[in-house]
Amino acid sequence: MDAGIQQLYHLQSHLIDGGRAAEWAATFTADGTFDSPTYPSPVVGTAALTRFAERFAAGCAADGVVRRHVVTNMAATGTDDDGAVRVEAYLQIVATPRGGAPHIERFTTLADRVVADGEGWRIAARVVRRDDAPGR
Amino acid sequence: MDAGIQQLYHLQSHLIDGGRAAEWAATFTADGTFDSPTYPSPVVGTAALTRFAERFAAGCAADGVVRRHVVTNMAATGTDDDGAVRVEAYLQIVATPRGGAPHIERFTTLADRVVADGEGWRIAARVVRRDDAPGR
Amino acid sequence: MDAGIQQLYHLQSHLIDGGRAAEWAATFTADGTFDSPTYPSPVVGTAALTRFAERFAAGCAADGVVRRHVVTNMAATGTDDDGAVRVEAYLQIVATPRGGAPHIERFTTLADRVVADGEGWRIAARVVRRDDAPGR
């Protein structure tokens with residue numbers, strides 16, 4: 001896999017987990033989509049993605065919990081006709097309450113389309129699936 | 001580490017976890033060996049490896065559990081006289097019951113010999129050790 | 001991220017977890033620093049780092065527990081004026097008691113300065129933060 005794509009995935013978690021909502025949203029294309037069964041409907045575009053990340057950080061603060069997006073097993077599985085790279089990965093949400101023990105809250109898989117836009121790689125579309133409830 | 005070797009490890013988990021038994025078996029050489037204390041004897045060769053992966057998938061389905069092979073810390077630790085690359089890695093089995101919480105079922109280490117066969121990298125020999133019961 | 005830096009991180013865990021204290025200490029520069037809230041004061045220099053890793057191994061043996069340093073999400077986040085690469089990563093300590101189930105003991109983040117010294121990459125300075133108790 002292209003080292004730049006790997007860096008995109010590794011960095012992305014630090015951004016959302018560190019409360020850097022606008023920078024996280026900028027790891028998607030301007031019309032990027034984020035579709036997860038954990039949330040009521042797909043999140044589309046920079047403004048909505050930024051608000052999504054802000055709500056994630058606010059939720060963690062309200063819960064008194066530090067949550068981490070642990071990404072592993074990133075594999076490039078093909079290239080679409082338009083040049084987008086298909087990437088599959090595992091994503092665990094690991095939560096640590098203040099003063100408590102960490103635990104895996106959720107095991108999910110990512111199926112993404114990743115594109116190069118001149119400045120670097122960005123997520124054009126992400127579909128998240130949860131191992132506890134496959135399918136929406 | 002060669003990016004192709006890294007991709008081999010990352011993809012391999014998606015194959016066995018996704019029930020793609022023949023494709024998982026093809027990540028080993030035709031006479032590849034898989035030796036784990038979790039199973040009664042080493043698994044050798046494409047046909048046996050395929051059946052092994054089929055049984056893994058059938059077991060998960062029977063248990064109502066999604067199991068994931070989470071690979072981290074892949075390190076190339078040397079090269080044998082025949083050109084095989086020695087790779088060590090950590091492998092966690094994370095299980096999520098339908099509607100339940102994920103947990104780490106097993107922490108294992110991999111000690112592999114990886115070879116290039118013209119089409120790409122393959123596992124020639126894998127030895128798995130379990131942290132809960134080191135040695136068979 | 002430079003493949004050599006990635007290999008440094010991946011290998012480092014195998015060294016400390018495998019009780020190879022001197023080799024682990026050598027992944028830091030001769031005056032390297034390791035600063036973690038889990039321990040009373042920063043550890044500085046090869047001799048002190050070696051003793052630190054020896055105590056880690058002795059503690060695991062005394063506890064009857066195998067502990068693993070699981071590193072993920074390594075991201076290069078900048079370069080200092082002196083050429084040092086800043087790296088952020090997630091580090092989980094996963095513990096397995098003899099005959100028992102693995103669990104995540106601690107979720108930490110690493111903020112490192114990594115330098116090339118002619119022979120390869122080494123850690124010049126590491127700051128560890130714990131998710132259960134941010135800040136010392």
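Predicted model only: the values in this text are computed from it and were never measured. Below, each value reflects all heavy atoms present in this structure, side chains not excepted, and no hydrogens, waters or symmetry copies.
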Exercise for the section: Counting only heavy atoms closer than 4.5 Å, note whether C:V71 contacts chain B via side chain, backbone, both or neither. Expected result: both
Practice task
Considering non-hydrogen atoms only, spot the tightest contact between C:H10 and B:M74 and give its length.
Solution key: ND1-O, 2.9 Å
Exercise for the section: Using non-hydrogen atoms and a 4.5 Å limit, figure out which bit of C:Q12 sits close to chain B: side chain, backbone, both or neither. Expected result: neither
Exercise for the section: Under 4.5 Å heavy-atom distance to chain C, tell me which part of B:E105 shows up: side chain, backbone, both or neither. Expected result: backbone
Exercise for the section: For each of C:R68, C:Q6, C:Q7, tally heavy-atom pairs with chain B at distances under 4.5 Å, and name the one with the top tally. Expected result: C:R68
Practice task
Give, for atom CG of C:L11 and atom OG1 of B:T77, the distance between the pair rounded to the nearest 0.5 Å.
Solution key: 8.0 Å
Exercise for the section: Heavy-atom distances under 4.5 Å only: say whether C:P97 touches chain B with side chain, backbone, both or neither. Expected result: backbone
Practice task
Taking the six-membered ring for Trp and the full ring for Phe, Tyr or His, determine whether the centres of C:H14 and B:Y90 are under 6.0 Å apart.
Solution key: yes
Fill in the blank from the handout: Bottom line for C:T72: the part with an atom under 4.5 Å from chain B's heavy atoms is side chain
Handout entry: Pair C:Y9-B:N73, side-chain contact (heavy atoms from CB on, under 4.5 Å): steps then yes or no
Key = CA-CA 8 Å; C:Y9 279 79; B:N73 292 82; over 6 Å; no
Handout entry: salt_bridge(B:D132, C:R98) N-O dist < 4.0 Å
Key = no
Exercise for the section: Tell me, for B:A76 versus chain C, whether the close heavy atoms (under 4.5 Å) come from the side chain, the backbone, both or neither. Expected result: both
Handout entry: Distance, nearest 0.5 Å, that separates CZ of B:R130 from OG1 of C:T96
Key = 10.0 Å
